[in-house]
Amino acid sequence: MLRKANSRSSYREFSDEDEGEGHTQSPDLYDESPEDLEEGEELNGRISPAAEDDLRERSPSMRFCKACLKNVFTVVLIFIYLLLTAVAAFLVYQTISDFLDKLNHPVMSVTYKEVESFSPPGIAVYPGRAQLLSCRHHYHDSIPPLVNPGQPQEGDCVINNVTYIGPFTNQTEKRALVVRGPSDVRNKELIFMQFSHNETEEDFSAITYMLFAKFSDLNDSRNQSEFMRACERNYSMWTFSGGFRTWVKMSLVKTSGKSNDAMEFRQESTVVKFNDKRPESEQSNQLFFAVFEWRDPFMQEIRLIVTANPWNSVAILCGVFMAFFKAANFAKLAIQWINRMRKRHLRNKSRELNQIG
């Protein structure tokens with residue numbers, strides 16, 4: 001016990017001598033290793049020479065640099081997590097925007113279905129003052145030479161005459177010749193029609209026509225006039241000119257939408273000049289020729305597909321929210337660590353002030 005008291009008194013005298021000489025001990029001398037001091041007291045009852053040398057070698061600048069590095073590293077980590085949080089928030093916004101955009105703008109899936117024959121379409125011709133001379137079925141693109149062009153001839157087409165009020169022009173009566181179209185696509189069935197027109201006062205002359213999906217729909221409808229009004233409202237109109245043979249090759253497109261299905265026609269047309277060999281006295285009567293045929297045995301089907309998958313969006317959002325939770329947890333731990341370091345610094349500072357006093 002006497003040796004322990006002597007060692008402590010000698011240590012105080014050494015400290016007093018250092019203070020008298022102007023060499024003050026750093027306040028952080030006891031900060032870094034209080035456990036070492038307690039261990040040295042329990043083992044030896046005094047400060048060991050090795051611990052004393054180690055305390056002298058640790059300068060205040062080294063301890064300050066180490067604390068600065070820790071603070072800088074913490075700030076960098078917080079900045080990185082804030083950046084990741086901002087990226088996650090942008091990802092949430094982008095995911096929701098893409099989902100809504102895909103939901104409102106479905107993509108088209110196009111498939112081709114091969115058929116042996118099509119349902120006979122309806123060919124609605126609006127001749128106006130022109131006269132239908134003939135309408136005949138032919139096969140294998142074999143159209144015989146014209147006999148007595150400009151004169152009425154026998155035909156074998158099924159034709160309905162329909163009169164109705166146009167949907168876009170009020171109180172305007174229209175007359176349509178609705179012809180039963182070809183159906184045998186394998187044998188290249190076609191319809192050949194011939195018209196004549198006596199009016200030569202017009203600068204340009206043409207006959208308008210329209211195609212709709214099934215001729216049987218017209219026969220099955222209770223009101224054929226209303227049916228033709230609806231067709232004109234939903235289908236496109238085309239024309240073929242006088243003095244030419246217009247060859248129309250049709251293709252059918254079926255579109256499956258969100259609420260209902262729609263049928264429409266697409267066509268490829270070629271025009272060939274008619275070599276008029278009639279006497280000049282008869283050439284004032286202008287002739288029109290039109291050929292209708294299926295282009296190929298493939299029906300195009302278009303389906304609107306919504307590519308937005310809600311489960312993928314939910315999974316992405318769950319991952320983003322987990323990132324938010326991790327960032328918040330890290331921020332909480334970082335703040336707790338900063339508060340703990342601050343309390344430790346204040347505690348060490350108060351201990352140094354007490355020792356100096």
Side-chain angles (χ1 to χ4, degrees), residues 113-139 152-169 171-195 207-240 246-257 259-267 269 288-301:
K113 180 181 179 181
E114 186 176 4
V115 297
E116 293 293 332
S117 62
F118 287 95
S119 297
I123 305 173
V125 182
Y126 300 87
R129 297 182 180 181
Q131 179 186 1
L132 176 64
L133 298 179
S134 66
C135 177
R136 296 187 62 85
H137 288 257
H138 298 282
Y139 290 90
Q153 300 175 10
E154 293 183 358
D156 56 0
C157 297
V158 178
I159 302 175
N160 285 356
N161 286 279
V162 182
T163 302
Y164 65 97
I165 303 298
F168 305 110
T169 54
Q171 306 302 323
T172 301
E173 187 177 82
K174 288 188 173 185
R175 182 176 68 91
L177 300 177
V178 185
V179 181
R180 186 178 184 270
S183 62
D184 192 352
V185 64
R186 291 295 181 182
N187 294 320
K188 294 186 176 181
E189 180 187 4
L190 57 87
I191 300 292
F192 177 70
M193 289 188 289
Q194 181 182 176
F195 295 85
I207 293 178
T208 303
Y209 67 94
M210 177 183 64
L211 303 173
F212 58 90
K214 294 182 180 180
F215 179 79
S216 59
D217 292 342
L218 175 65
N219 292 331
D220 297 339
S221 62
R222 296 181 179 179
N223 191 332
Q224 293 186 354
S225 297
E226 290 297 327
F227 177 82
M228 290 304 298
R229 282 172 59 89
C231 286
E232 185 175 347
R233 187 180 295 110
N234 297 322
Y235 290 94
S236 300
M237 309 286 286
W238 293 282
T239 59
F240 55 91
T246 304
W247 197 301
V248 180
K249 292 189 175 183
M250 306 172 294
S251 61
L252 189 62
V253 179
K254 180 180 179 181
T255 304
S256 299
S259 57
N260 54 7
D261 296 341
M263 305 286 287
E264 62 176 344
F265 281 87
R266 293 179 183 174
Q267 65 170 7
S269 60
F288 299 78
F289 305 94
V291 180
F292 294 91
E293 179 188 8
W294 289 104
R295 185 182 66 180
D296 50 44
F298 297 98
M299 182 173 61
Q300 183 177 352
E301 294 184 354

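- For the salt bridge (charged side-chain N to carboxylate O under 4.0 Å, His left out) test, residues two or more places apart in sequence or in another chain that qualify with Lys188 are Asp141.
- Tested against Tyr209 for a ring pair (Phe, Tyr, Trp, His ring centres under 6.0 Å), the candidates Phe288, Tyr235, Phe292, Phe265 yield a single pass: Phe292.
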Run the side-chain contact (heavy atoms from CB on, under 4.5 Å) test on Thr208 and Trp238 for me, step by step, so that the C-alpha distance in whole Å, both residues' side-chain angles and the decisive distance to 0.1 Å come before the verdict. CA-CA 6 Å; Thr208 303; Trp238 293 282; over 6 Å; no
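- No side-chain heavy atom of Pro121 sits under 4.5 Å from any side-chain heavy atom of Leu211.
- Among residues two or more places apart in sequence or in another chain, the salt bridge (charged side-chain N to carboxylate O under 4.0 Å, His left out) test is passed with Arg180 by none.
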Kindly list each side-chain donor-acceptor pair under 3.5 angstrom involving residues 159-168, sequence neighbours excluded, with atom names and distances?
{"unit_1": "Asn160", "atom_1": "ND2", "unit_2": "Asn219", "atom_2": "OD1", "d": "2.8"}
{"unit_1": "Tyr164", "atom_1": "OH", "unit_2": "Tyr126", "atom_2": "OH", "d": "2.5"}
{"unit_1": "Tyr164", "atom_1": "OH", "unit_2": "Glu232", "atom_2": "OE1", "d": "2.6"}

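- Asn187 places no side-chain N or O within 3.5 Å of a backbone atom of Glu189 that could act as its donor or acceptor partner.
- Arg136 places no side-chain N or O within donor-acceptor distance of the main-chain N or O of Met193, the cut-off being under 3.5 Å.
- Residues passing the salt bridge (charged side-chain N to carboxylate O under 4.0 Å, His left out) test with Glu301, sequence neighbours excluded: none.
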Between Gln300 and Arg266, is a side-chain contact (heavy atoms from CB on, under 4.5 Å) present by the stated rule, with each step listed? CA-CA 10 Å; Gln300 183 177 352; Arg266 293 179 183 174; 3.5 Å; yes
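- Applying the salt bridge (Lys or Arg N to Asp or Glu O under 4.0 Å) test to every pair with at least one member in residues 113-126, sequence neighbours left out, gives these pairs: Glu114-Arg186, Glu116-Arg186.
- Looking at residues two or more places apart in sequence or on another chain, you find no side-chain hydrogen bond (donor to acceptor under 3.5 Å, both in side chains) involving Glu264.
- Panel note: side chain Trp247, backbone Ala290; no donor-acceptor pair is recorded below 3.5 Å.
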